[in-house]
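Here the structure comes first, spelled out in structure tokens, and everything after it is commentary.
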Amino acid sequence: MPGMLFLIPNTLGKRDEHDPVSDVIPAGVQQIAARLDYLVAENAKTARAFLKKLGETAPLAHAIQQIEIRELNVNTKADALGALLDPIAAGRDGGLLSEAGVPAVADPGADLVRLAHARGIAVRPLVGPSSILLAVMGSGLNGQSFAFNGYLPVDAEERARKLRDLEQRSRKAQQTQVWIETPYRNGALLDALRQHCAGTTLLSIAVDLTLPTEAIVTLPIADWRPDRLPLHKRPAIFSLLAQ
């Protein structure tokens, strides 16, 4: 009989070494994660760091060096996914661990989850912090209808076209448009929003979610200035709602 694939949430951002994972990971989730001896993760080194931190509040059933960790990231080929599920298909419970937040959302794990369903492996998502949902919750924008758009184009002209398209979609459907950006490009993205979107369009930016430095600010684009919220190299979620 196959085991179960647990989708294990991780913390968001780099936490202080004295901050326990129990601040953001529920006790029941910690207990499940602590008993597993097989994980699929984006990076084995950071997965071990997570396990070490987890062990401070939920004693691990196995020594860290005895826990098998296989990597799944953007470089993993599609034909390698089956082997990642083989231990679970053979009867072991396993976990899919994201680098930050919840697995399979803005994360390379979705294909593995789909394959698990195709192979008759039960999938159990566990409760934890999602930066996307937290940003929508804290934005004050439309939480009844929103769309997550991943990363925007890097090229300036393509990014400008994408921003105008998202604004048009938002205005037509009254739908909140949500996306993320590489932290060192946050400033350039804000400049592009101020240049290419209407001043009345509402823009919410959430940074460092669940961390002591967390901040969420929602303003019309006309009122956004670089000094309203320092963005450089801070993990950020952008949300837009056209008026």
Side-chain angles (χ1 to χ4, degrees), residues 9-14 24 74 98-111 125 127-243:
N10 204 336
T11 56
L12 297 172
K14 188 175 181 180
V24 289
V74 294
S98 179
E99 280 288 276
V102 294
V105 178
D107 173 88
D111 290 342
V127 175
S130 165
S131 59
I132 298 165
L133 288 179
L134 291 172
V136 172
M137 289 165 59
S139 69
L141 306 183
N142 189 356
Q144 295 286 348
S145 177
F146 61 91
F148 177 63
N149 297 277
Y151 288 92
L152 301 194
V154 175
D155 178 79
E157 291 186 7
E158 292 181 11
R159 181 176 57 207
R161 284 195 292 270
K162 184 66 174 180
L163 287 173
R164 287 191 287 264
D165 175 63
L166 291 177
E167 185 180 40
Q168 184 178 10
R169 273 194 265 165
S170 177
R171 182 177 293 112
K172 183 177 180 180
Q174 276 301 285
Q175 182 182 67
T176 302
Q177 302 296 324
V178 186
W179 67 91
I180 53 180
E181 184 53 280
T182 300
Y184 66 84
R185 288 202 293 261
N186 286 339
L189 177 55
L190 180 57
D191 289 342
L193 282 157
R194 296 171 67 208
Q195 180 179 355
H196 299 292
C197 295
T200 56
T201 292
L202 292 173
L203 173 66
S204 181
I205 305 178
V207 297
D208 297 345
L209 289 165
T210 75
L211 301 177
T213 52
E214 174 183 293
I216 305 172
V217 177
T218 300
L219 293 168
I221 286 178
D223 295 338
W224 267 101
R225 301 184 305 274
D227 61 348
R228 294 305 298 256
L229 181 64
L231 296 175
H232 186 57
K233 292 187 177 180
R234 300 177 76 182
I237 300 283
F238 294 78
S239 305
L240 174 152
L241 182 64
Q243 300 298 288

Taking Asp107 for the side chain and Ala104 for the main chain, is one N or O donor matched with an acceptor at less than 3.5 Å? yes
Side chain to side chain contact (heavy atoms under 4.5 Å, CB included) between Leu240 and Trp179: does it pass, once the steps are laid out? CA-CA 9 Å; Leu240 174 152; Trp179 67 91; 3.8 Å; yes
Looking only at heavy atoms, the pair that brings Ala198 and Ile221 closest together is O-CB, 3.7 Å
Just wondering, do Pro220 and Leu202 contact through their side chains at under 4.5 Å, heavy atoms? yes
What's the spacing between Gln168 CD and Lys172 NZ if we round to 0.5 Å? 7.5 Å
Verdict with reasoning, Asp165 to Arg161, per salt bridge (charged side-chain N to carboxylate O under 4.0 Å, His left out): CA-CA 6 Å; Asp165 175 63; Arg161 284 195 292 270; over 6 Å; no
Under 3.5 Å donor-acceptor pairs involving side-chain atoms of residues 224-232, not counting sequence neighbours:
unit_1, atom_1, unit_2, atom_2, d
Trp224, NE1, Leu203, O, 3.0
Trp224, NE1, Leu219, O, 3.4
Arg225, NE, Asp227, OD1, 3.3

Decide yes or no on side chain to side chain contact (heavy atoms under 4.5 Å, CB included) for Leu189 and Arg159, but give the supporting numbers first. CA-CA 8 Å; Leu189 177 55; Arg159 181 176 57 207; 4.0 Å; yes
Looking at Gln174 and Ala242, would you say the former's side chain and the latter's main chain have a donor-acceptor pair under 3.5 Å? yes
Once salt bridge (charged side-chain N to carboxylate O under 4.0 Å, His left out) is applied, do any residues pair with Asp208, and if so which ones, sequence neighbours excluded? Arg234
Separation between CG (Leu134) and CD1 (Ile237), nearest 0.5 Å, reads 9.0 Å
Can you sort out the partners of Asp223 under salt bridge (charged side-chain N to carboxylate O under 4.0 Å, His left out), two or more places apart, ordered by chain and number? none
Atom pair OG1 (Thr176) and CG (Asn142), whose distance is rounded to the nearest 0.5 Å: 4.5 Å
Spell out, as yes or no, whether a donor-acceptor pair under 3.5 Å connects the side chain of Asn149 to the backbone of Val178. yes
May I ask you to check whether Ser204 and Ser239 show a side-chain donor-acceptor distance below 3.5 Å? no
Tell me the closest heavy-atom pair linking Ala236 and Ile205, and the distance in Å. CB-CG2, 4.2 Å
Looking only at side chains, do Asn10 and Ser98 share a donor and an acceptor under 3.5 Å apart? no
Could you state the interatomic distance from CE (Met137) to CD1 (Ile132), rounded to the nearest 0.5 Å? 13.5 Å
Expected output: side-chain Glu214 to main-chain Val207 donor-acceptor under 3.5 Å: no
Which heavy-atom pair separates Leu241 from Gln243 by the least distance, and what is that distance? O-NE2, 3.5 Å
Please lay out, stage by stage, how Val154 and Thr182 fare under the test side chain to side chain contact (heavy atoms under 4.5 Å, CB included). CA-CA 10 Å; Val154 175; Thr182 300; over 6 Å; no
Hey, what do you get for OH (Tyr151) to CD1 (Ile180), rounding to the nearest 0.5 Å? 3.5 Å
With no hydrogens and no angle check, is any side-chain donor or acceptor of Ser139 less than 3.5 Å from a backbone partner on Val136? yes
Please assess Glu181 against Phe238 for the test side chain to side chain contact (heavy atoms under 4.5 Å, CB included), listing each intermediate value before the final yes or no. CA-CA 8 Å; Glu181 184 53 280; Phe238 294 78; 4.0 Å; yes
salt_bridge(Glu167, Arg171) N-O dist < 4.0 Å: yes
Consider side-chain contact (heavy atoms from CB on, under 4.5 Å). Of Ser130, Pro235, Ser131, Pro129, which one does Leu209 pass it with? Ser131
For Leu163 against Ala192, the heavy-atom pair lying closest together: CD1-CB, 3.8 Å
